Amino acid sequence: MSAGAYLDAASGVDYLYPCFRRAEIAFSHGEGAWLIATDGRRYLDFATGIAVTGLGHSHPALVEALQRQGARLWHVSNAVRIPEQEALARLLCGKTFADRVFFNNSGAEAVETAIKTARRRQFFAGWPERSDIVTFAGAFHGRTLATLAAGGQAKYLEGFGPPAPGFKAVPFGDLDALDAACGPETAAVLLEPIQGESGVRKLEASALAHIRDLCDRRGILLIFDEVQTGIGRTGRLFAYQGVGVTPDILATAKGLGNGFPVAACLANERAAAAMRPGTHGSTFGGNPLAMAIARKTVEIVADETFLGDVRRKGGKLFTGLQALVDDFPDVFEEARGEGMLLGLLCRPPVETVIEAARANGLLSVTAGDNVLRLLPPLILSDEEIEEGLRRLGLAAQSLRVEP
Ligand SMILES: *Cc1c(COP(=O)(O)O)cnc(C)c1O
């Protein structure tokens with residue numbers, strides 16, 4: 001049966017909110033770095049469900065963790081102690097700056113927890129007027145009303161009423177503007193160490209160090225949104241560990257459950273201590289099933305040998321992308337990124353490039369700035385790196401403007 005026939009037979013798409021631009025393709029299963037479509041075609045997955053399935057599809061240890069916990073206990077509320085949650089929190093704190101963790105179900109929620117933690121910490125310390133959050137333009141922090149206001153992107157805010165107050169954006173990377181925007185009403189600076197959705201744009205370590213210093217001098221908290229950069233994506237468990245600048249609060253999500261919905265907000269004691277009993281909550285957040293899967297994921301990714309390999313392979317892929325820029329200057333303008341969070345600045349509309357890549361059996365993601373985002377699984381083999389580059393080359397060949 002062709003993918004089209006399968007999709008027509010299902011014909012349920014009209015019952016869904018029309019808010020996604022979906023490609024006419026569906027997958028029946030996945031194996032490691034590969035997705036198998038309903039028509040049997042195999043695709044190399046450099047999209048990973050948007051930086052989620054870092055350990056690939058059907059990872060045996062994760063299938064085992066899911067099945068084992070699934071047969072034992074799925075859910076209890078946070079009104080009781082949850083040993084699976086305590087074990088993951090201890091693991092995350094042992095591997096990071098954090099002293100305490102709050103578990104959520106999605107990235108936006110974890111960023112909201114981070115914002116609430118920062119404001120509450122200022123309130124708790126006797127500065128209730130410190131509630132503003134300063135951000136960089138182009139940021140993406142999620143789709144809830146507060147995280148949309150934090151991201152500040154007009155195209156996502158349009159038609160949804162007045163944006164939530166308390167957020168101020170300055171131009172990306174503009175440290176003088178950031179300096180000027182931070183005042184006596186500022187609670188925190190919120191940023192992505194590498195902006196993902198808006199085009200794989202990196203803040204340099206020196207800029208992050210400057211911001212850390214500014215925050216320290218003025219009693220402002222520093223929040224990193226590592227929803228996308230976290231869980232090994234940049235070749236470190238968290239991107240901050242590669243730049244030597246430590247936040248007070250960190251939100252993470254995408255790769256944390258390898259596809260099982262789970263997110264976390266990490267904080268130092270100073271910040272987390274303000275979140276007294278009753279100040280925050282979540283029904284599903286941190287339930288035993290999510291915790292068992294996330295813990296196994298973190299155990300695998302946090303291994304230094306594993307992370308070193310991600311850095312090596314990310315470097316190899318980046319070198320290959322630079323070669324593609326050299327070989328196809330009328331298609332690709334520049335390679336960017338870190339680890340397995342990579343981008344190619346395109347000359348033709350990025351949607352065209354994505355389609356050409358898909359026609360050649362490679363899945364990728366759009367980003368702002370006309371950037372093709374490449375988010376391969378961290379477990380990608382050296383052969384698969386070469387195969388991915390070969391398929392991207394074929395796509396570029398098909399788009400080449402002949403002289
Ligand atoms: C994806 C993303 C979010 C939102 O995560 P959801 O799980 O979709 O709510 C927030 N911040 C960053 C940096 C992201 O990449």
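Given the structure is predicted, the values throughout are model-derived calculations rather than measurements. For reference, positions follow the sequence shown, starting with 1. Counting convention: from 1, in listed order, for ligands and their atoms alike.
- Under 3.5 Å, the side chains of E226 and T229 contain a donor-acceptor pair of N or O atoms.
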Enumerate, one pair per line, all nitrogen or oxygen atoms of ligand 1 lying under 3.5 Å from a protein nitrogen or oxygen, stating the separation to 0.1 Å; write 'none' if no such pair exists.
| residue | atom | partner | partner atom | Å |
| --- | --- | --- | --- | --- |
| ligand 1 | 7 (O) | G107 | N | 2.8 |
| ligand 1 | 9 (O) | G107 | N | 3.4 |
| ligand 1 | 9 (O) | A108 | N | 2.8 |
| ligand 1 | 11 (N) | F140 | O | 3.2 |
| ligand 1 | 11 (N) | D225 | OD1 | 3.3 |
| ligand 1 | 11 (N) | D225 | OD2 | 2.7 |
| ligand 1 | 15 (O) | Q228 | NE2 | 2.7 |
| ligand 1 | 15 (O) | K254 | NZ | 2.5 |

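- Side-chain contact check for Q228 and R373: at least one donor-acceptor pair (N or O, by modelled atom type) lies under 3.5 Å.
- Both the sub-6.0 Å distance and the 45° axial angle are satisfied by R143 relative to the ring of Y156.
- Less than 6.0 angstrom separates the ring centroid of F97 from the ring centroid of Y240.
- The number of heavy atoms from other shown groups lying within 6.0 Å of CZ (R21) does not exceed 12.
- A cation-pi arrangement is found for R119 relative to F167, the charged atom lying closer than 6.0 Å to the ring centre and inside a 45° cone about the ring normal.
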